[in-house]
Number of protein chains: 2
Amino acid sequence: MTAKTARTAKKGPSSQPAVVAEDILARLRASGGRVTAPRRAIVEVLLGAGQRHLNAEEIVDAVRSLLPDVAESTIYRTVAALEDLAVISHVHLDHGPATFHFGDRTHRHLVCRRCHTIVEIPADLFADLARDLDRRYGFSIAGEHFAINGECRACRSQPT
Amino acid sequence: MTAKTARTAKKGPSSQPAVVAEDILARLRASGGRVTAPRRAIVEVLLGAGQRHLNAEEIVDAVRSLLPDVAESTIYRTVAALEDLAVISHVHLDHGPATFHFGDRTHRHLVCRRCHTIVEIPADLFADLARDLDRRYGFSIAGEHFAINGECRACRSQPT
DNA sequence: TTAGCTGCAAAAGGTTTGCAAATTA
DNA sequence: TAATTTGCAAACCTTTTGCAGCTAA
């Protein structure tokens with residue numbers, strides 16, 4: 001794969017090299033896929049969301065503001081294709097729809113079971129636990145496929 | 001609440017005081033609920049499952065072998081009532097239906113993303129992490145509402 | 001040219017809800 | 001008796017699928 005990692009600053013809050021749509025589309029093509037207008041729009045929307053995690057409905061809405069006739073099934077099929085390429089992944093933050101985001105393996109989610117607030121935390125807080133589980137069970141925890149539930153500071157100081 | 005904690009050994013693998021159906025039914029009654037035949041059967045099934053986590057469909061099937069005409073909706077409504085009483089809780093081990101189990105807060109689940117094997121681990125392996133998250137974010141992780149994903153020993157030694 | 005996408009509509013899977021009849025306390 | 005549960009059927013929400021036509025490579 002020869003997708004060049006462009007350095008064009010986009011709208012990300014960080015100063016890491018920006019991932020640009022063309023890179024992603026190129027990977028899609030390289031894997032035998034086609035680049036179509038709906039796919040461009042979907043990638044654009046996902047990039048435009050920055051760190052925010054969008055669910056399928058939000059992606060549909062945003063994509064339709066660019067390209068009104070895109071079907072839901074196209075969204076689901078495209079995000080599945082992008083997940084296969086490990087470009088994005090999905091997380092279950094709570095009950096309800098899954099949310100999609102770029103595949104940085106650098107954060108996890110705590111979700112308050114009372115107010116449903118989401119707290120993002122760096123994945124390396126799990127390093128010790130991960131080592132432990134590896135040693136004891138041979139299990140490698142990977143991914144943030146599911147959030148971790150609990151109670152946030154605000155709710156804890158609230159009466160039940 | 002005065003539900004006596006009976007010590008009758010049932011079929012649990014552990015030697016903790018067995019929770020008996022009557023205790024649970026009494027709590028249901030104490031909270032203003034009614035004790036009905038379907039509810040008895042559901043509690044029986046849940047108790048009979050011991051440590052196993054049953055999903056709604058499995059509960060329905062098992063309950064119907066005792067009481068053939070119980071509706072699915074009754075199962076869902078009853079497990080919801082039992083969750084409100086904190087007698088049971090549900091976990092999402094993977095995609096697919098939730099699973100229900102008695103509310104011991106003593107274990108967590110690792111689920112292999114490849115073979116879907118479930119590894120149960122003691123919750124106290126999370127103690128350090130929990131302290132950390134509390135200190136840094138005021139967040140109290142609680143519950144095993146979602147499993148932790150990763151890869152099990154067997155799958156890790158397998159070619160991708 | 002042809003494998004791969006698309007929109008549409010229908011279906012699937014899991015769970016929830018409205019309601020009138022039945023049951024519990 | 002009054003409040004709660006029940007079974008049934010229908011609805012719900014999210015996601016998947018089948019298919020014929022369209023399109024990128």
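Throughout, protein chains are lettered first and strands after them, A, B, ... in sequence-line order, and every chain is numbered starting at 1. The model shown is predicted, which means the values in this text are computed figures rather than measured ones.
The nearest heavy atom of DNA chain C to A:I75 and to B:V35 marks one nucleotide each, and the one closer to the 5' end goes with A:I75. Between B:A56 and A:G32, the residue whose closest nucleotide on DNA chain C is further toward the 5' end is A:G32. Where A:N55 and B:L67 each meet DNA chain D at their nearest nucleotide, the meeting point lying more 5' is that of B:L67.
Taking a cutoff of 4.0 Å between a charged side-chain nitrogen and a carboxylate oxygen, B:R77 and B:E72 do not qualify as a salt bridge. With respect to B:D132 and B:R135, a salt bridge is recorded, a charged nitrogen being found less than 4.0 Å from a carboxylate O.
In this entry the distance linking NE2 of A:H95 with P of C:dT15 reads 9 Å, nearest Å. We find that OH of B:Y76 is positioned 17 Å from P of D:dA9, with the value rounded to whole Å. The interatomic distance linking A:D94 (CG) with D:dT14 (C1') rounds to 15 Å, in whole Å. As rounded to whole Å, 12 Å separates atom C1' of C:dG14 from atom NE2 of B:H90. Computed from coordinates, the A:L25 CG to C:dC5 P distance equals 12 Å when rounded to whole Å. Between the C1' atom of C:dT23 and the CG atom of B:D69 lies a distance of 16 Å, rounded to the nearest Å. For the pair B:I59 CD1 and C:dT15 C1', the computed distance is 13 Å after rounding to whole Å. We find that CD of A:E57 is positioned 7 Å from P of D:dT14, with the value rounded to whole Å.
Comparing D:dA25, C:dG14, C:dG7 against the side chain of B:P97 picks out C:dG14 as the nearest. For A:S73, taking side-chain heavy atoms from C-beta onward, the closest of the listed nucleotides D:dT15, D:dT17, C:dT15 is D:dT17. The side chain of A:A71 lies closest to C:dG7 when the candidates are D:dT15, D:dA9, C:dG7.
B:A37 comes within 4.0 angstrom of nothing in the nucleic acid, heavy atoms only. A:R29 comes within 4.0 angstrom of sugar-phosphate atoms only, judged by non-hydrogen atoms across all strands, and of no base.
Contact check, A:T74 against C:dG7: a side-chain N or O comes under 4.0 Å of OP1 or OP2. Using a 4.0 Å cut-off, some side-chain N or O of B:R39 falls inside it from OP1 or OP2 of D:dT5. The phosphate of C:dT6 (OP1 or OP2) has a side-chain N or O of A:T36 nearer than 4.0 angstrom.
Looking at A:T78, its side chain has no donor and acceptor atom pair within 3.5 Å of the base of C:dC5. For A:R77 and C:dG4, a side-chain-to-base donor-acceptor distance below 3.5 Å is absent, hydrogens and geometry of angles not being considered.
Between B:H53 and B:H107, the ring centre distance stays below 6.0 Å. Between B:H95 and A:H90, a ring centre-to-centre spacing shorter than 6.0 Å is recorded.
The backbone N or O of B:A62 lies less than 3.5 Å from a partner atom in the side chain of B:S65, making a donor-acceptor pair.
Considering only heavy atoms from C-beta on, A:V70 comes within 4.5 Å of A:P38 through its side chain.
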